[in-house]
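Every number for a ligand or one of its atoms is a count from 1 in the order of the listing. Quick note: residue numbers are just sequence positions, from 1.
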Amino acid sequence: MAEDNKQAITVGFIGLGRMGRGMASNLCRKGFSLVVYDINSKAVQELVKLGAQGGKSIAEASKDVDVIITMLPNSAIVQEAVTGPDGILAHARAGAIVMDMSTVDPQVTDHLADAAKKKGLSFVDAPVGRLASHADRGESLFMVGAAALDFERVKPLLEAMGSTIHHCGVIGTGTRTKLVNNYLAVVSCQLNAEALTLSQRFGLSLEKTLDVIYGTTATNGQLKIAWPEKVLKGDITPGFTIDLAHKDLTLIMEAANSVKAPMPIGAAAREAYSTARARGFGQNDFSAMLDAWCDVSGTEKARLKS
Ligand code: NAD
């Protein structure tokens, strides 16, 4: 249930998917007034149960609020939601802040910030780190690109949705930092998948292999923290899907190209994700790259015994 003490900042929240529903729920519970919108009306109803006002359009979630948050799948959808003919900029009041928390192309972030400025609005990019389960618990990490004053204005919202907030610098630095972070997170899943598939092909004990790796510098956060709670125990429900990880690697390769930063391992990993999607794994959690690679190699799925 929402707390009684209403917070001063009013919020429009657009995009109530795996991430957005947890984030918006935490804002509701902590007493912020929310107007929410998603093309999926069931997702809107879930938030209405928590005390949010249900919006029927982007326009309804954008007018008469202080901050409009977008948590949408990709660059094209965010761009349409912000600058489209019936989008946020067409309806928000002057002085409001548009805070995009999706993972998008940094050039789209820069473009949206310019468009917002021309309409007398501020823009903040604040993409989200950690897992969907963290978003549900209000324990996300945020990478924020914002002018100093705008950062102070959105900080109470970020504190209500997460536990770690990094002000990375000016507009656009949040999105760019997110791409650097996700490069490692997404590529390391493919590395882990290949290594554990090799272990399976050798006929080694999965438990013993992991015991060894966890004790050396070969380990990584996916393998040690995320995977034991996901694919290794047979839970491949998303989380963060292989489709979204593929989208991020594509964004990363394009953004890296634009600044002439070669990413040869990224290019190979992106095509490994393409292979997983082609084999029907796209809607699984990205830890299921392990299942995809066992499938490619004709090996039994790797699962912990207990
Ligand atoms: P999702 O697909 O679960 O949710 C997206 C939501 O947007 C859906 O509810 C969909 O109905 C809604 N939507 C789509 N088009 C819309 C429109 N035009 N208007 C209103 N609503 C619309 O995705 P997600 O996992 O919540 O991810 C959202 C963003 O956050 C992505 O950019 C993703 O890369 C990023 N992200 C995801 C995770 C994760 O673990 N899932 C973690 C960090 C960042």
Side-chain angles (χ1 to χ4, degrees), residues 12-26 35-47 54-62 68-88 91 98-106 108-109 112 125-137 139-144 158 161-162 164 174-175 177-186 189 221-222 225-226 229-230 235-252 255 273 282-288:
F13 202 114
I14 301 166
L16 306 166
R18 189 60 197 90
M19 293 295 289
R21 72 170 180 243
M23 292 158 64
S25 299
N26 277 300
V35 188
V36 296
Y37 175 67
D38 194 292
I39 48 173
N40 172 6
S41 58
K42 274 192 191 150
V44 172
Q45 286 316 310
E46 287 302 310
L47 263 296
K56 289 194 174 54
S57 61
I58 288 178
E60 282 188 22
S62 305
I68 303 111
I69 296 176
T70 46
M71 192 54 175
L72 293 164
N74 59 44
S75 301
I77 293 175
V78 173
Q79 186 149 352
E80 178 67 19
V82 177
T83 61
D86 216 13
I88 296 168
H91 296 281
V98 181
M99 177 156 70
D100 180 37
M101 306 191 74
S102 328
T103 306
V104 298
D105 178 344
V108 168
T109 299
L112 297 179
D125 51 304
V128 185
R130 301 185 181 146
L131 306 170
S133 51
H134 292 99
D136 293 340
R137 297 195 298 269
E139 293 171 2
S140 292
L141 174 151
F142 302 114
M143 296 153 255
V144 188
L158 299 172
M161 294 186 282
T164 311
T175 297
T177 305
K178 170 71 177 168
L179 295 193
V180 173
N181 176 82
N182 275 28
Y183 181 71
L184 287 175
V186 170
C189 278
Q222 294 294 345
I225 302 165
E229 296 304 316
K230 293 299 294 179
D235 178 4
I236 56 167
T237 56
F240 183 60
T241 59
I242 285 173
D243 282 341
L244 280 178
H246 179 269
K247 180 257 315 185
D248 281 4
L249 258 187
T250 303
L251 276 182
I252 291 161
Y273 277 81
Q283 280 301 299
N284 295 143
D285 186 71
F286 73 145
S287 62

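- Among protein heavy atoms, atom 40 (O) of ligand 1 sits closest to Phe240 CB, 3.3 Å.
- Interatomic distance, CG of Leu131 versus CD of Glu139, reported as 11.0 Å (0.5 Å rounding).
- Close approach of ligand 1 to Ser102 (heavy-atom distance below 4.0 Å) involves ligand atoms 32 (O).
- Inspection of the Asp235 and Thr237 side chains reveals an N or O donor paired with an N or O acceptor under 3.5 Å.
- For the pair Asp285 (side chain) and Ala288 (backbone), a donor-acceptor distance under 3.5 Å is absent.
- At a 4.0 Å heavy-atom cut-off, ligand 1 touches Thr103 through backbone and side chain alike.
- Annotation for ligand 1: atoms under 4.0 Å from non-hydrogen atoms of Met71 are 29 (C), 30 (O).
- Nearest heavy atoms, Met161 versus Asn26: CA-CB, 4.4 Å.
- Ion pair Asp136/Arg18 flagged as a salt bridge, since at least one NZ, NE, NH1 or NH2 atom sits closer than 4.0 Å to an Asp/Glu carboxylate oxygen.
- Of the protein's heavy atoms, Met19 CG, 3.5 Å lies nearest to atom 37 (C) of ligand 1.
- Here Thr177 pairs with Met143, Cys168 under the side chain to side chain contact (heavy atoms under 4.5 Å, CB included) rule; sequence neighbours left out.
- An N or O contact shorter than 3.5 Å is missing between Asn74 and ligand 1 by distance.
- Heavy-atom contacts of Leu16 reach the following atoms of ligand 1: 9 (O) (cutoff under 4.0 Å).
- The nearest pair of heavy atoms linking Ile14 to Ile68 is CD1-CG2, 3.8 Å.
- Atoms of ligand 1 found under 4.0 Å from any heavy atom of Tyr37 (numbered from 1 in listed order, with element): 19 (N), 20 (C).
- Looking at Gly20, Pro73, Ala61, it is Pro73 that brings a heavy atom closest to atom 5 (C) of ligand 1.
- Side chains of Arg130 and Thr164: a donor on one and an acceptor on the other come within 3.5 Å.
- Ile77 CG2, 3.9 Å is the protein heavy atom nearest to atom 18 (N) of ligand 1.
- Within ligand 1, the atoms closer than 4.0 Å to a non-hydrogen atom of Arg130 are 42 (C), numbered from 1 in the order shown.
- In this structure, Met99 and Leu158 approach most closely via the heavy-atom pair CE-CD2, 4.0 Å.
- Protein heavy atom in closest approach to atom 11 (O) of ligand 1: Asp38 OD1, 2.6 Å.
- Summary of contacts: the protein heavy atom closest to atom 17 (C) of ligand 1 is Ile39 CG2, 3.8 Å.
- For Ala43, the heavy-atom gap to ligand 1 stays at 4.0 angstrom or more.
- A donor and an acceptor atom, one from each side chain of Asp125 and Thr175, are located under 3.5 Å apart.
- By heavy-atom distance, the residue among Val128, Leu244, Leu72, Val36 lying nearest atom 25 (O) of ligand 1 is Leu244.
- Taking every heavy atom of both residues into account, Val78 and Ser102 meet most closely at CG2-OG, 3.5 Å.
- Not a single donor-acceptor pair under 3.5 Å links the side chain of Lys56 to the backbone N or O of Tyr37.
- Within the set Arg21, Lys247, Met23, Gln283, the minimum heavy-atom distance to atom 34 (O) of ligand 1 is found for Lys247.
- Each of the atoms 40 (O) of ligand 1 lies under 4.0 Å from some heavy atom of Ala132.
- For atom 4 (O) of ligand 1, the nearest protein heavy atom (residue, atom name, distance) is Gly17 CA, 3.2 Å.
- Ligand 1 places these atoms under 4.0 Å from at least one heavy atom of Lys178: 43 (C), 44 (C).
- Residue Val186 comes nearest to Phe240 through the heavy atom pair CG2-CE2, 4.3 Å, listed as atom of the first residue, atom of the second, then distance.
- Atom 3 (O) of ligand 1 has Arg18 N, 2.8 Å as its closest protein atom, hydrogens excluded (heavy atom only).
- An N or O contact shorter than 3.5 Å links Gly239 to ligand 1 by distance.
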